[in-house]
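Heads up, the thing below is written out as structure tokens.
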Amino acid sequence: MLSDKDTLALLIARVLFTLSFQNKDAHLFNTIKDNFVVFDFLSVSQNGFLNTLDKIPNHDYVIVNPPYLNTNEDTRFETAKCTDLYAYFLENIIKTSKGFISITPQSFTNAEKFYSLRSLLLKKFADLTIYCFDNVPDSIFKGIKFGSTNSNHANSVRAAIMIAGSHVKGHKITSLLRWQTSERLKMLDHLDVFLSDVTLTARYFPKVSGFFENYYNSLDLHKTLSRIMSSKPTQYALYVPSSPRYFISALKKPVKRSSIKTLYFKNEQDLNKAYIIINSSHAYWWWRVKDGGMTLSQETLDTIPIIDFVPDKNLIFALEQSEQKNKVYKLNAGSYQENIKHPIELIDKVTSILCNYRILSLCHKNSEMEFTNYTRY
Ligand SMILES: C[S@@+](CC[C@H](N)C(=O)[O-])C[C@H]1O[C@@H](n2cnc3c(N)ncnc32)[C@H](O)[C@@H]1O
């Protein structure tokens, strides 16, 4: 059964389907006619006034690539607050199917507004497998965005493929995978080695790779950076450029850029602790686990798990020196954005005083495929 509200989209699907399979059935185009149903999937909802979910064409399981569109709160849906059509689609599917495979943005894994969708998924399915895909350097969609007025027509959604109701035991999720274009097939072949069994909660689905499952589970998620921050301005400040891509820096002197966060601490010792933590690969990895979109949110910074260690004076001095030597510039919307990119050797030293997970260093690369050469910790 194929369904869409757009008659033309359905006709195109029917033609493509026929072209692919008609060699054994000369009348296939007509035979399958009734399996193509024009239906507005969002005209019905469990809480709707007149509409009921039993109007949805009969089915057991669903494969869906729903529309991704920010919209107004639609109170007919339990997931109203998600304000995205893909959440409303998934809600109707969750409530009417034994299981599904979806491709949607990965935003539901972490954005606060998708809390109700995460709740619904966890409530209904004891088994969920979620593969998450970044959009650089390669992205999962190869096509272009139709109807876009944007100068960039590439479909650069950071997507997630979710499998629910397959009876694979438990909840599983990958990291926000990165791979190079030439590694696409390797990435798809190795997808399952990136799965971990970390606990998914309605608060967020942590995007942890199998290679970091033990590391994630070893952290005390209640002991966070927010504990050592001051809610009021103090003389102990760190400046954090808030659009990371391959690294995160925390600076003692601000840089010239439009997006920067200022964090305050109660004393010099806490400031230096945070200076080490935020400049380490641990913080960068946390951003990938907790967020992974374009920007570094305050929530992600607040929740960085802190690890007990003694700040090393030489390392702090080395970071301060590096701030003066390693300025980088990126042209964004016509103006240069300043940042500091510490050498990876320095970041590795900083990370090594927090933990001995040397593979954290690989998180800064533009591909995770190198992990396939490592054994899981
Ligand atoms: C991302 S496209 C996917 C198209 C196709 N299924 C595929 O995977 O290539 C989303 C599709 O959802 C359809 N759509 C949008 N709103 C809908 C609704 N309320 N009910 C049914 N289909 C809808 C659009 O017409 C469009 O074809």
Side-chain angles (χ1 to χ4, degrees), residues 1-21 29 32-97 99-109 111 114 116-117 120 130-135 138-150 152-165 184 188 191:
M1 198 63 90
L2 282 91
S3 182
D4 198 293
K5 74 170 183 184
D6 179 343
T7 316
L8 180 59
L10 266 185
L11 183 61
I12 292 170
R14 193 170 145 212
V15 168
L16 291 175
F17 196 92
T18 304
L19 287 174
S20 303
F21 297 105
F29 188 70
I32 59 178
K33 184 167 179 276
D34 292 342
N35 292 67
F36 289 73
V37 182
V38 177
F39 181 70
D40 182 342
F41 204 70
L42 300 181
S43 62
V44 293
S45 73
Q46 195 176 45
N47 302 336
F49 176 53
L50 279 177
N51 301 317
T52 57
L53 290 180
D54 57 20
K55 289 191 180 160
I56 291 179
N58 261 342
H59 64 278
D60 293 307
Y61 291 88
V62 175
I63 298 178
V64 65
N65 175 12
Y68 321 148
L69 193 64
N70 210 347
T71 183
N72 293 331
E73 202 171 309
D74 188 336
T75 52
R76 293 176 304 140
F77 295 98
E78 190 176 328
T79 55
K81 289 207 159 60
C82 299
T83 61
D84 197 301
L85 292 188
Y86 87 76
Y88 303 158
F89 255 78
L90 288 183
E91 175 178 333
N92 277 356
I93 290 168
I94 292 167
K95 290 180 169 171
T96 56
S97 319
F100 66 86
I101 300 176
S102 61
I103 183 158
T104 64
Q106 62 85 38
S107 46
F108 72 90
T109 61
F114 288 101
S116 51
L117 177 60
L120 208 54
I130 303 168
Y131 302 97
C132 307
F133 304 93
D134 205 342
N135 64 354
D138 196 14
S139 72
I140 198 74
F141 285 109
K142 290 318 256 176
I144 59 160
K145 258 187 304 195
F146 287 97
S148 166
T149 49
N150 206 316
N152 175 9
H153 288 280
N155 186 344
S156 55
V157 167
R158 288 181 182 81
I161 293 178
M162 176 157 46
I163 304 172
R184 190 177 179 84
L188 293 168
L191 264 185

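As the structure is a prediction and not an experimental result, all values here were calculated from the model. Each ligand, and each atom within it, is numbered from 1 in the order the structure gives.
- Shown in contact with Leu42 at under 4.0 Å from a heavy atom are these atoms of ligand 1, numbered in order with element: 19 (N).
- Using a distance-only test at 3.5 Å, with no hydrogens or angles considered, a donor-acceptor pair links the side chain of Arg184 to the main chain of Ile140.
- Scanning the protein heavy atoms around atom 12 (O) of ligand 1, the nearest turns out to be Pro67 CD, 3.6 Å.
- The atoms of ligand 1 that sit less than 4.0 Å from any heavy atom of Asp6 are 25 (O).
- Of the protein's heavy atoms, Lys5 N, 3.2 Å lies nearest to atom 22 (N) of ligand 1.
- Residue-ligand proximity: Phe89 is placed with a non-hydrogen atom under 4.0 Å from ligand 1.
- Judged purely by atom type and a 3.5 angstrom limit, Asn70 has no side-chain atom pairing as donor or acceptor with the backbone of Asp84.
- Between Phe77 and Tyr88, the ring-plane angle classifies as parallel under the 30° and 60° cut-offs.
- Here the protein heavy atom with the shortest distance to atom 3 (C) of ligand 1 is Asn65 O, 3.2 Å.
- With a 4.0 Å cut-off on non-hydrogen atoms, Pro66 touches ligand 1 through its backbone and not its side chain.
- The protein heavy atom nearest to atom 20 (N) of ligand 1 is Phe41 N, 2.9 Å.
- Among protein heavy atoms, atom 19 (N) of ligand 1 sits closest to Asp40 OD1, 2.7 Å.
- When atom types are taken as modelled, the side chain of Glu91 and the backbone of Glu78 share a donor-acceptor pair closer than 3.5 angstrom.
- Between the Asn92 side chain and the Phe41 main chain, a donor and an acceptor come within less than 3.5 Å of each other.
- Between Tyr86 and Tyr68, the ring planes lie perpendicular to each other; the angle is over 60°, past the 30° to 60° tilted range.
- The single protein non-hydrogen atom nearest to atom 11 (C) of ligand 1 is Asp4 OD2, 3.6 Å, given as residue, atom name and distance.
- Between the side chain of Ser3 and the main chain of Val37, a donor-acceptor pair closer than 3.5 Å is present.
- Of the possible polar contacts, none joining the Arg14 side chain to the Ala9 backbone as a donor-acceptor pair under 3.5 Å is found.
- Contacts of Phe39 with ligand 1, taken as heavy-atom pairs under 4.0 Å, involve the backbone alone.
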